[in-house]
Amino acid sequence: MMKDKFAITVVLIACLFGCKEYKREASTLIATENKVETKQELIDRVFLFSEKQYDLLINNISNEKPLLQPRGVTKDNSVRLVPYQDWTSGFFPGSLWYIYKHNQKNEWKANAIKFTNILESAKYITNSHDVGFMLDCSYGNAYSIANDTLSKHVIVKGATSLITRYRPKIGVLQSWDTTPNMGWISKRGWDTPVIIDNMMNLELLYKAFEFTNDSTFYKVASNHALTTLNNHFREDYSSFHVVDYNNKTGNVRSKQTAQGYSDSSSWARGQAWGLYGFTQTYENTKDQVFLDQAKNIAHYIMENEKIPNDLIPYWDYDAPGIPNEPRDASAAAVTASALLSLQHYVPEEKEAMIVYAEKIIRRLSSNDYLADLGSNQGFLLKHSVGNIHTGEENDEPLNYADYYFLEALIKWQEVN
Ligand code: GLY
């Protein structure tokens with residue numbers, strides 16, 4: 001048994017050093033006394049840490065009335081709490097479901113249920129595409145992890161709300177409203193803006209199709225993916241952040257950025273959303289065009305010399321002050337999770353994708369990114385960037401970095 005474990009570790013290390021098609025130094029392995037932490041040791045360590053850290057976070061916020069979701073930190077260094085309408089409201093309950101999936105302890109199931117239930121009203125939201133993030137990470141996980149069949153109703157209702165944003169002349173779901181109450185978004189002069197992030201919200205529609213057999217959900221999701229594939233990508237498979245359409249003619253008005261450095265730059269999380277979104281769309285449709293797109297995006301990311309050797313990107317690949325720019329752990333976590341799904345469908349690149357994801361996971365699990373117990377306002381990962389232009393959430397913890405990190409660990413555990 002010990003011999004087997006040793007052999008597996010040797011193969012793993014050989015692969016990490018040997019799979020040099022995507023040239024990276026394996027400098028981030030956690031080695032103590034010449035011993036590399038095994039995959040299982042790392043996963044158990046991080047999940048145990050997550051239990052302790054989130055226990056502190058939950059105790060810190062549970063007395064708030066009403067109960068709200070922890071998103072990140074405020075300017076005065078307390079936990080930033082948000083209501084169900086916030087785009088990030090589903091990630092914390094989603095992370096609690098992943099902890100429960102790992103430890104199978106009833107108290108964590110109870111935590112997950114408690115923070116999921118306060119989101120139910122999100123199913124009525126029609127003024128934001130993010131209802132997909134909100135409900136799929138929370139109720140979607142309740143269904144897939146705990147077989148909570150009552151979640152189906154919430155998902156279908158939420159999907160019904162989401163498709164009110166479908167613009168048939170263009171073939172997309174409108175991401176953001178442009179009404180005067182939308183702050184900086186209202187000032188950009190957009191007609192029908194669609195952001196690459198929107199790909200992530202299609203999963204809710206595919207689940208609604210699975211539960212109801214109503215093909216409207218499937219068609220809307222697939223049309224959105226196809227229109228995005230046609231208009232959001234440059235020749236090298238990097239992605240624009242925002243494509244604005246004319247709702248009357250269906251034509252593209254402009255291709256720009258909102259959260260990235262410039263219209264022609266590669267906003268790091270946007271590249272990761274595209275990779276994840278097209279992988280997920282392929283899983284739901286089995287349409288080769290979406291698999292090819294996901295593979296091409298993966299190549300763009302994995303071969304990208306602008307990403308540092310430790311594979312945690314700067315918040316924008318083209319940020320002007322590199323190397324003195326913040327990294328974005330959230331983009332790395334989304335990428336790792338997406339690759340661990342994509343590798344199932346790409347036998348010839350399976351190994352390289354797993355190695356790449358593993359390297360991200362090991363780096364995020366190191367002291368440079370994983371918080372010390374009791375610090376980081378109870379969040380797991382340090383060093384993410386929300387929207388650099390708003391001057392908030394830059395180089396800070398964010399609940400979605402934690403969520404996709406835990407998701408990546410769960411998927412990695414399942415890789416043989
Ligand atoms: N809109 C989601 C994000 O900031 O990535």
Side-chain angles (χ1 to χ4, degrees), residues 69-73 80 82 84-92 94-95 122 125 127-138 162 165 172-178 182-186 188 190 193-204 224 228 232 238-244 256-261 265-278 280 297 301 312-317 319 326-338 379 381 383-405 407-408:
Q69 305 286 357
R71 166 175 168 149
V73 296
R80 179 176 176 192
V82 291
Y84 74 85
Q85 296 95 332
D86 188 87
W87 83 270
T88 69
S89 62
F91 295 118
F92 186 65
S95 292
I125 289 178
N127 66 355
S128 166
H129 69 126
D130 287 321
V131 67
F133 275 121
M134 298 167 190
L135 294 180
D136 188 45
C137 302
S138 53
L162 180 54
R165 304 186 65 75
V172 290
L173 294 153
Q174 180 168 347
S175 302
W176 290 327
D177 284 356
T178 55
M182 290 295 289
W184 60 268
I185 292 174
S186 323
R188 296 291 297 260
W190 289 319
V194 176
I195 58 176
I196 188 66
D197 326 25
N198 204 146
M199 284 299 300
M200 299 295 289
N201 292 315
L202 305 184
E203 181 64 20
L204 193 76
H224 180 97
T228 301
H232 251 87
S238 65
S239 162
F240 291 96
H241 186 198
V242 186
V243 174
D244 184 35
Q256 301 182 343
T257 198
Q259 283 159 258
Y261 166 59
S265 72
S266 294
W267 174 51
R269 199 164 51 254
Q271 312 314 306
W273 288 147
L275 175 66
Y276 195 122
F278 280 99
Q280 200 164 247
I297 301 168
I301 294 174
I312 314 300
Y314 294 97
W315 67 277
D316 190 301
Y317 294 3
R327 305 289 190 99
D328 184 11
S330 75
V334 173
T335 301
S337 178
F379 292 96
L381 290 177
H383 306 311
S384 287
V385 172
N387 181 351
I388 209 147
H389 306 300
T390 62
E392 290 171 351
E393 299 187 325
N394 294 326
D395 200 15
E396 286 178 7
L398 287 170
N399 62 7
Y400 42 100
D402 288 5
Y403 175 84
Y404 289 102
F405 176 52
E407 183 179 87

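For the single chain, residues carry numbers from 1 onward in sequence order. Each ligand, and each atom within it, is numbered from 1 in the order the structure gives. Small disclaimer: the values here were computed from a predicted structure and weren't measured.
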- Should Gln259 be counted as touching ligand 1, given the test is an N or O pair under 3.5 Å? yes
- For Thr88, does its backbone N or O pair with a side-chain atom of Asn399 as donor and acceptor, under 3.5 Å? yes
- Query: To the nearest 0.1 Å, how far is atom 1 (N) of ligand 1 from its closest protein heavy atom, and which atom is that?
  - Reply: Asp197 OD2, 2.8 Å
- Query: Is the closest side-chain donor-acceptor distance between Ser95 and Asp402 under 3.5 Å?
  - Reply: no
- Message: Within the structure, is a non-hydrogen atom of Trp273 found at a distance of less than 4.0 Å from ligand 1?
- Response: yes
- Task: May I ask whether Trp267 has any heavy atom positioned less than 4.0 angstrom from an atom of ligand 1?
- Result: yes
- Query: Do any N or O atoms from the side chain of Ser89 and from the backbone of Tyr84 form a donor-acceptor pair under 3.5 angstrom?
  - Reply: yes
- In terms of residue, atom name and distance, what is the protein heavy atom nearest to atom 5 (O) of ligand 1? Arg269 NE, 2.7 Å
- Hey, what do you get for CE (Met199) to CD1 (Ile297), rounding to the nearest 0.5 Å? 8.0 Å
- Item | ring-ring contact (aromatic ring centres under 6.0 Å, His included) evaluation trace for Tyr276 with Tyr404 | CA-CA 11 Å; Tyr276 195 122; Tyr404 289 102; 5.5 Å; yes
